[in-house]
*Asks:* 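Below you'll find the structure I mean.
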Amino acid sequence: MSKELAKQYDPKGIEDRLYQKWMQGGYFHAKVNPDKKPFTIVMPPPNVTGQLHMGHALDNTMQDILTRYKRMQGYEALWQPGTDHAAIATEVKVTNMLKDQGIDKHEIGREKFLEYCWQWKDEYGSRILKQLQKLGSSADWSRERFTMDEGCSKAVEEVFCRLYEKGWIYKGNRIINWCPKCQTSLSDAEVEHVDQDGFFWHINYPIVGEPGRFVEIATTRPETLLGDTAVAVNPDDERYQDLIGKMLKLPLTDREIPVIADEYVDKEFGTGCVKITPAHDPNDFEVGKRHNLEEINILNDDATMNDRCGKYAGMDRYEARKAMVSDLEKQGLLVKVVPHTHAVGTHDRCHTTVEPMIKPQWFVRMKEMGEAAQKALDTGDLKFVPESYGKTYTHWLDNIRDWCISRQLWWGHRIPAYYCDDCGELVVQRGGAPSKCPKCGGTHFTQDPDTLDTWFSSALWPFSTLGWPDKTPEMDYFYPTDVLVTGYDIIFFWVIRMVFSGIEQTGKTPFHHVLIHGLVRDSQGRKMSKSLGNGIDPLEVIDQYGADALRLTLMTGNAPGNDMRFYWEKVEASRNFANKIWNASRFIMMNLGDAVLPETMEASALAAPDRWILHTVNNLAREVTENMDKYELGIAVQKIYDFIWEEFCDWYIEMAKPRLYKDDTDEKLPVLWTLRTVLSEALRLLHPFMPFITEEIYCTLNPDEETIMIAPWPEYTNEYEFPEEAEGVELIKDAIRGVRNIRTELNVSPGRRLTHLYIVSEDERIRSMFERGMTVLVGLAHAEKAIIQETRDGIGDDALSAVLPGATLYIPFGDLVDRDKEFARLTKESERLKKEVKRCEGMLGNERFLTKAPADKVQQEKDKLEKYRQMLDQVGTRLAQMQK
RNA sequence: GGAAACAUAGCUCAGCUGGGAGAGCAUCUGGGUCACAACCAGAAGGUCAUGGGUUCGAGCCCCGUUGUUUCCACCA
């Protein structure tokens with residue numbers, strides 16, 4: 001590879017080439033390795049039908065950063081990838097595709113339909129993973145899994161049978177959420193409650209045997225009236241004591257229903273009388289159970305009225321509502337209609353209003369497993385980042401109900417339950433249908449037609465992908481995993497179910513940390529969505545600015561759990577940063593030329609600025625590592641960014657230039673060595689965040705290195721600890737800034753004459769450093785060229801003139817600086833110092849601080865106080881002088 | 001109805017266990033400078049929503065208020 005780099009960084013071509021190189025090098029592959037500690041992340045499996053969106057980009061960037069970081073630290077880092085069959089989402093898509101071709105799924109039948117699904121999966125299943133690769137994802141693709149592959153299916157069957165045998169999976173007639181459009185049951189989590197404007201219809205139910213007397217009920221769903229089997233009042237409601245036990249005539253029918261008393265009824269709400277429809281309302285269902293009421297189903301699966309509904313049979317539920325309300329009105333039973341807003345359950349995929357229905361379904365008992373999941377959080381075995389999401393988790397678990405896992409879909413894991421064709425006996429078992437019925441000896445069986453909720457299989461993902469239920473080396477080594485990265489929107493669906501499944505099946509919490517991120521929104525804060533058309537395609541961003549720029553954009557200035565907005569300007573800023581590194585590296589490599597540098601360098605050979613920058617990058621490594629370990633990725637990358645751009649490029653490289661331009665090669669060695677060393681360190685710190693550009697530069701800079709991916713993560717070392725130089729250079733920087741301020745203030749430009757350099761700081765040490773002619777001052781040469789030129793024939797100072805010809809140390813009040821301004825500045829400075837002194841005195845006067853704070857911190861404060869007092873003295877003296 | 005989060009510069013957002021209010025973008029000024037104009041140097045801009053409290057000291061901790069957002073929820 002040549003050391004000649006283009007003037008501007010162009011990620012195109014480079015990224016794909018490097019990714020190929022990584023793949024071929026096998027760097028993503030993690031294997032069981034007893035010599036190393038494992039680090040594992042399971043990738044939330046994207047839907048096979050999915051298309052990469054910003055959410056994926058964020059989620060996977062974070063995982064890639066953590067994986068690359070740990071890999072560099074010497075862990076055997078496994079990022080386990082795969083895809084999810086996404087039962088209903090895929091089934092809907094395939095169904096629609098077939099519909100477009102004029103094919104009806106029921107006509108072609110289950111087998112044929114599944115063939116289409118697999119075809120679809122083969123076609124699109126790897127697309128999303130390819131897209132993830134464009135991001136630079138370093139997942140172990142050789143271990144790619146699919147929730148419906150052989151191994152995962154085996155795990156699903158095993159878990160189902162175990163839970164069944166334990167009695168925690170049962171089949172029951174229960175009221176469930178039914179989507180009339182998708183014709184399947186839904187779990188509670190799949191139901192979205194949406195506020196809708198509706199009405200309260202107040203209807204009179206005549207009391208049997210008491211003509212002219214009515215009970216007035218209020219309902220939002222009059223069409224369910226035909227399924228009423230009682231009217232309930234609160235047992236403590238004085239108004240209705242006499243009604244309890246009486247019979248009512250159900251309007252529009254010939255039936256008579258009782259008035260019952262139940263705690264569930266709120267006296268204050270509506271009329272205090274509630275019609276009870278056990279077959280079509282979850283609460284009424286419970287009430288019905290308590291009072292042994294009949295459950296009358298009045299709806300077909302597509303939410304039309306069924307044949308028990310007389311003249312309304314065949315009508316859609318909303319048509320029927322209209323017709324019935326109109327009929328009630330005609331009969332004079334409609335009292336009034338009151339507008340009312342209420343939350344209506346809708347299917348989160350198709351947004352159809354969900355219909356509560358009684359259906360035979362399979363359920364998982366949640367009590368014990370829910371408690372175990374809660375315990376994991378309570379004991380600290382499981383931690384959320386940020387912590388507050390633990391409350392969300394707990395709240396959900398507190399209110400958990402049994403999980404309806406059966407779906408009336410074809411695409412998914414079929415329930416391993418078989419019914420004897422002869423006697424109907426139910427057998428649940430592994431490995432296909434039984435050969436003989438244990439009850440009647442029959443040999444023909446029919447498998448339950450239902451499939452499992454898609455989350456049933458994803459709940460097993462952290463261990464099914466590692467070979468469970470078989471005892472595999474991978475299970476022993478990589479499980480439990482370390483951290484799960486996901487969005488807050490999926491805590492209920494997925495995180496909780498993985499936790500309790502992991503604990504129940506493996507005895508271990510499947511991961512110890514859950515790193516939660518927010519949503520990527522558009523620049524106006526709206527959710528990105530297809531219908532709004534405001535989604536931004538990550539691939540387009542990558543194409544225009546590169547994956548590194550996209551990754552940096554997603555990571556900077558974002559705290560865990562918080563939503564962020566997407567701005568193209570931010571991407572540009574990220575791209576600019578990439579370009580900055582590129583050019584700094586270009587400059588360094590240009591200067592390195594063919595120079596042969598030693599591996600290490602004696603500290604004594606290094607100049608103050610060299611020591612300062614080494615000190616700074618060394619401490620940066622420590623801080624960044626701490627941030628990474630706390631999952632503060634945004635803070636970590638911000639620090640790296642600031643270091644590279646400001647400290648390294650704007651200060652150190654500028655300071656280095658005068659030395660680089662000397663002819664003596666030997667003299668150049670320390671500075672060249674420092675440039676290369678610090679750049680290497682910085683690139684390694686940055687690599688997890690911006691893998692491509694760091695790889696490209698690192699390998700050009702160090703031709704012997706194969707890749708930065710497995711270069712060691714920088715560790716803090718005492719060797720590079722140079723506190724004195726660090727402080728000294730910081731003071732010099734202050735001084736230089738002061739010079740620049742004055743220059744700006746005086747509007748010095750070529751052609752004007754400036755004979756004095758002004759040092760702003762009153763600090764004695766700065767002056768002494770100038771007097772000692774510290775080599776660091778050569779750093780002024782570049783940035784302050786204009787001044788240097790102008791001061792060439794100024795008053796000479798021996799020490800300074802070596803580095804700044806003609807410059808002199810001079811604290812002027814008269815000719816160059818506005819007296820009033822200077823006086824005002826000093827006054828302000830004096831105020832600030834007084835405040836600082838007061839703060840230090842406060843701290844040092846506080847016993848709690850003195851006893852509790854670490855000794856070095858106390859000393860630090862003492863030093864500060866001393867310093868501030870001195871400075872205050874000096875400023876005071878100067879002010880006094882000026883007042884004269 | 002319950003819960004949570006948020007409110008910091010013109011905009012978007014960082015700010016770890018209390019001790020210097022910060023970044024990017026935008027604005028203004030100066031600069032064609034031999035890595036980079038996708039740049040450099042500098043400036044301006046904030047009563048950290050509001051009212052109390054704890055503390056020597058609060059953007060940070062506690063309580064109230066206002067505003068925004070999100071999640072959960074069976075009030076017919």
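In what follows, chains are A, B, ... by sequence order, proteins preceding strands, each numbered from 1.
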*Asks:* Grab the CG-P distance between A:L660 and B:rC34 for me, whole Å please.
*Replies:* 15 Å
*Asks:* Any heavy-atom pair between the side chains of A:W403 and A:D188 that's under 4.5 Å?
*Replies:* no
*Asks:* Hey, are the side chains of A:Y9 and A:P11 touching, using non-hydrogen atoms and a 4.5 Å cut-off?
*Replies:*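 Heavy-atom side-chain distance check passes, below 4.5 Å.
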*Asks:* Could you state the CZ-C1' distance from A:R622 to B:rC16, rounded to the nearest angstrom?
*Replies:*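 Taking atom C1' of B:rC16 as the reference, CZ of A:R622 is at 13 Å.
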*Asks:* Within the 3.5 Å criterion, strictly below it, is a donor on A:D228 or A:Y205 matched to an acceptor on the partner's side chain?
*Replies:*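 The criterion, which ignores hydrogens and geometry beyond distance, is satisfied for A:Y205 and A:D228.
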*Asks:* Classify the ring geometry between A:W645 and A:Y641 as parallel (under 30°), tilted (30 to 60°) or perpendicular (over 60°).
*Replies:* tilted
*Asks:* Would one find more than 12 heavy atoms of other residues, nucleotides or ligands at under 6.0 Å from atom NZ of A:K639?
*Replies:* yes
*Asks:* Could one point to a donor on the side chain of A:K580 or the base of B:rC36 with an acceptor on the other under 3.5 Å away?
*Replies:* yes
*Asks:* Mind checking whether A:L679 and A:L701 have side chains closer than 4.5 Å, heavy atoms only?
*Replies:* yes
*Asks:* Considering only atom C1', compute the distance from B:rG67 to B:rC25 and round it to an integer number of Å.
*Replies:*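 Result for the C1' pair: 26 Å, nearest Å.
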*Asks:* Using whole Å, report how far CG of A:D522 lies from P of B:rC13.
*Replies:* 11 Å
*Asks:* Nearest whole angstrom, please: distance from the P of B:rA35 to the CD1 of A:I588.
*Replies:*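 A:I588 atom CD1 is separated from B:rA35 atom P by 12 Å.
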*Asks:* Using atom C1' of each nucleotide, how far apart are B:rC71 and B:rU29 to the nearest Å?
*Replies:*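 B:rC71 and B:rU29 have their C1' atoms separated by 49 Å.
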*Asks:* What does A:C649 touch in the nucleic acid at a heavy-atom separation under 4.0 angstrom: a base, only the sugar-phosphate, or nothing?
*Replies:* base
*Asks:* Expressed in whole Å, how much space separates the C1' atoms belonging to B:rC13 and B:rG52?
*Replies:* 29 Å
*Asks:* CD1 of A:I653 versus P of B:rC40: gap in Å, rounded?
*Replies:*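 Spelled out: CD1 on A:I653 to P on B:rC40 is 11 Å.
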*Asks:* Applying a 4.0 Å non-hydrogen cut-off, can you work out what A:G634 is touching in the nucleic acid: base, sugar-phosphate, or nothing?
*Replies:*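 A:G634: no heavy atom of the nucleic acid under 4.0 Å.
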*Asks:* Do A:Q544 side-chain atoms and A:V541 backbone N/O form a donor-acceptor pair below 3.5 Å?
*Replies:* no
*Asks:* Starting from P on B:rA38, measure out to CD on A:Q544 and report it in whole angstrom.
*Replies:* 16 Å
*Asks:* Please pick, from B:rA14, B:rC11, B:rA5, the nucleotide with the shortest atom-to-atom distance to any side-chain atom of A:I635.
*Replies:* B:rA14
*Asks:* Once each nucleotide of nucleotides 54-63 of chain B is scored for protein heavy atoms under 4.0 Å, what B/S/- sequence comes out, 5' to 3'?
*Replies:* --B-------
*Asks:* I'd like to know if the side chain of A:N562 reaches the main chain of A:N558, judged simply by a donor and an acceptor atom lying under 3.5 Å from each other, with no hydrogens or angles considered.
*Replies:*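 Judged by distance alone, no pair lies under 3.5 Å.
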*Asks:* Sort out for me which residue in A:F200, A:F199, A:W201 forms a side chain to side chain contact (heavy atoms under 4.5 Å, CB included) with A:H340.
*Replies:* A:F200
*Asks:* If the C1' atom of B:rG46 is compared with that of B:rA14, how far apart are they to the nearest Å?
*Replies:*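 It comes out at 15 Å once rounded to the nearest Å.
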*Asks:* In whole Å, what separates the C1' atom of B:rG20 from that of B:rG30?
*Replies:* 29 Å
*Asks:* Please list each protein N or O that sits under 3.5 Å from an N or O in nucleotides 23-26 of chain B, with the distance.
*Replies:*
unit_1 : atom_1 : unit_2 : atom_2 : d
B:rA23 : O2'    : A:Q638 : NE2    : 3.3

*Asks:* Categorize A:R565 for me: base, sugar-phosphate, or nothing, with a 4.0 angstrom heavy-atom threshold over every strand shown.
*Replies:*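 The answer is sugar-phosphate, as A:R565 gets under 4.0 Å only of primed atoms, P, OP1 or OP2.
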*Asks:* Counting Watson-Crick and G-U wobble pairs whose two distances are both under 3.5 Å, find the runs of 3 or more in a row that involve RNA chain B.
*Replies:* B:1-7 with B:66-72, B:10-13 with B:22-25, B:27-31 with B:39-43, B:49-53 with B:61-65
*Asks:* In whole angstrom, give the distance that lies between atom CZ of A:F587 and atom C1' of B:rC39.
*Replies:*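 It is 14 Å, rounded to the nearest whole Å.
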*Asks:* Just how far, in rounded Å, is C1' of B:rA5 from CD1 of A:I516?
*Replies:*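 That distance rounds to 14 Å.
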*Asks:* Please tell me whether A:T346 and A:T353 have a donor and an acceptor in their side chains that are separated by less than 3.5 angstrom.
*Replies:*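 Per modelled atom types, A:T346 and A:T353 side chains form no pair under 3.5 Å.
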*Asks:* Could you tell me how far B:rA26 sits from B:rC62 if I compare only their P atoms? Round to whole Å.
*Replies:*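 It works out to 38 Å between them.
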*Asks:* Say you pick atom P in B:rG57 and the same atom in B:rC40; how far apart are they, in whole Å?
*Replies:* 43 Å
*Asks:* Looking at A:T229, A:D284, A:T224, which hits side-chain hydrogen bond (donor to acceptor under 3.5 Å, both in side chains) with A:K275?
*Replies:*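 By the side-chain hydrogen bond (donor to acceptor under 3.5 Å, both in side chains) criterion, A:K275 pairs with just one of A:T229, A:D284, A:T224: A:T224.
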*Asks:* Would you say the ring centroid of A:W568 lies under 6.0 angstrom from that of A:F566?
*Replies:*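 Yes; A:F566 has its ring centre under 6.0 Å from that of A:W568.
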*Asks:* For A:H291 and A:D262, which I'm curious about, is there any donor-acceptor pair between the side chains at under 3.5 Å?
*Replies:*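 Per modelled atom types, A:H291 and A:D262 side chains form a pair under 3.5 Å.
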*Asks:* Can you tell me how far P in B:rA21 sits from the matching atom in B:rC48, rounded to whole Å?
*Replies:* 11 Å
*Asks:* Assign a letter to each nucleotide of nucleotides 68-76 of chain B from its 5' end: B, base within under 4.0 Å of a protein heavy atom; S, sugar-phosphate only; -, no contact.
*Replies:* ---SS-BBB
*Asks:* Remember a base hit wins even if backbone is also touched, and classify A:W645 as base, sugar-phosphate or nothing at under 4.0 Å, heavy atoms.
*Replies:*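 Answer is sugar-phosphate: A:W645 comes under 4.0 Å of backbone atoms only.
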*Asks:* Not counting sequence neighbours, which residues clear side-chain contact (heavy atoms from CB on, under 4.5 Å) with A:D863? List them please.
*Replies:* A:Q859
*Asks:* Checking side-chain polar atoms at under 3.5 Å, does A:T394 have a donor or acceptor matched by the opposite partner on A:Q374?
*Replies:*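 A pair is found: one side chain offers a donor N or O, the other an acceptor, under 3.5 Å apart.
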*Asks:* Under the side-chain hydrogen bond (donor to acceptor under 3.5 Å, both in side chains) rule, collect the residues that match up with A:Y652, sequence neighbours excluded.
*Replies:* A:D610
